[in-house]
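Right, one structure below, let's go through it.
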Amino acid sequence: MKEAAVITVPSNPQYLSVIRAVTAAMAELYGMADKVVEELKLAVDEACANVIRHAYGGDTSQTIIVKFILKRGFEVVIEDNGVKAKPELIAGRDLGEVRPGGLGIHFITRAFDVFAFDGRKRKGNRLRLIRHRREDNEDRDRRQ
Amino acid sequence: MKIEIADNKGMRVIAISGDIDMYTSPELRKELMHLVQKKITPLYVDFRGVSYIDSSGIATFVEGLKGMMGYGGKMKLVCIPERIMEIFSFAKLDKVFEIHGTMSDAVNS
C-alpha cells in the first residue's frame, strides 16, 4: 500500500521552512540516510521557491500543494496554479561559472532521478519528482 | 535567522545563525551589501550557527564577494558546518571563497 501525505501552504517564502520540515520527516519515514534527507529537503525547497518566484511572480497570496508518496520510490508532486513553466528553458548555470543564481536546478536534479512536468494539467504546473532507491548504500532503510 | 555584526579589535565579524533561505536571504543581503558599500575588508562571516542554506543564500554571498572584489576586499568564511560545506563544495564555490576552519586561522591567513 502506498503511503501519502499532502500539505497546502501559501506561496509565501516564510512557509518554505514548513515544506522543508515535512520533506525531511517524510524522507526519514521512508528510511533515507541523513545525507540524502538533506539533499531532498534542499531540492524540494528549491522547487517550491521556483514556484513562488516564477509561476506566481512573487505573489504570496496563492497556494502551493505538495504531495509526498512513499511507494517504490520517494515521490514528491508539487502543484500550483501559476504561469506555465517552459521545461525546455530550464537550465542551471555552468558550475564553473561564478555568479549569483542558476544553482537551484542542479540541487533538484542531484537529489531526484525524475524531474518531469505533467503536461496534462490544464492550468498551472504539476511537477513530479522521484528519488529511486539507489544501491550505493546512501539510501538506508531504517524500517528494516 | 539572526544576524549579529561585531567590531572586535578592528575586525568586522558578521555572525549568522539559523536558516538562510528565500525568506531570510533579503535581510542578509541588506546587511552584507551595507558592509560592502562601506568597503569593509577583511570581512569575516561566522557560519557556526547556520543550520541551512539554499541557492538564494549562496547567491547572496556570491553577490557580496563580487562587490568586494571591486575594491580588492576579502571575505573570509569561517566555521562552516559540514552539511553547509557540502553545498558549497557541490556548487564548486569552496575554491572561490576563502574558507577557514577557525577564526584564528582566518585572522592569521
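In the text below, chain A, chain B and the rest are named by the order of the sequence lines, each starting its count at 1.
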Group every Ile, Leu, Val, Met, Phe, Trp and Tyr by side-chain heavy-atom contacts under 4.5 Å, then state whether [X] and [Y] land in the same group.
X: A/L70; Y: A/V44; value: yes
X: A/V66; Y: A/V114; value: no
X: B/I3; Y: B/L43; value: yes
X: A/I64; Y: A/F115; value: yes
X: B/M1; Y: B/V62; value: yes

Contacts of residues 47-62 of chain A with chain B (heavy atom under 4.5 Å) = A/A49, A/I52, A/R53
Steps toward side chain to side chain contact (heavy atoms under 4.5 Å, CB included) verdict (A/F107, B/D54) = CA-CA 9 Å; A/F107 292 139; B/D54 71 359; over 6 Å; no
Would the number of heavy atoms belonging to other residues, nucleotides or ligands and lying under 6.0 Å from [atom1] of [X] be above 12?
X: B/R83; atom1: CZ; answer: no
X: B/K95; atom1: NZ; answer: no
X: B/E98; atom1: CD; answer: yes
X: A/Y15; atom1: OH; answer: no
X: B/R48; atom1: CZ; answer: no

Considering only heavy atoms, which portion of B/F61 lies under 4.5 Å from any heavy atom of chain A: side chain, backbone, both, or neither?
-> neither
Look up atom NE2 in A/H106 and atom CD1 in B/I87, then write down how far apart they are to the nearest 0.5 Å.
-> 14.5 Å
Taking all atoms of both residues into account, what is the closest heavy-atom pair of B/S55 and A/G104, and its distance?
-> CB-N, 4.0 Å
Closest approach of B/I53 to A/L42 (non-hydrogen atoms, all atoms of both residues) = O-CD1, 3.7 Å
Heavy-atom contacts under 4.5 Å, residues 17-35 of chain B to chain A = B/D19, B/D21, B/M22, B/Y23
Side chain, backbone, both or neither: which part of A/E46 has a non-hydrogen atom closer than 4.5 Å to chain B?
-> side chain
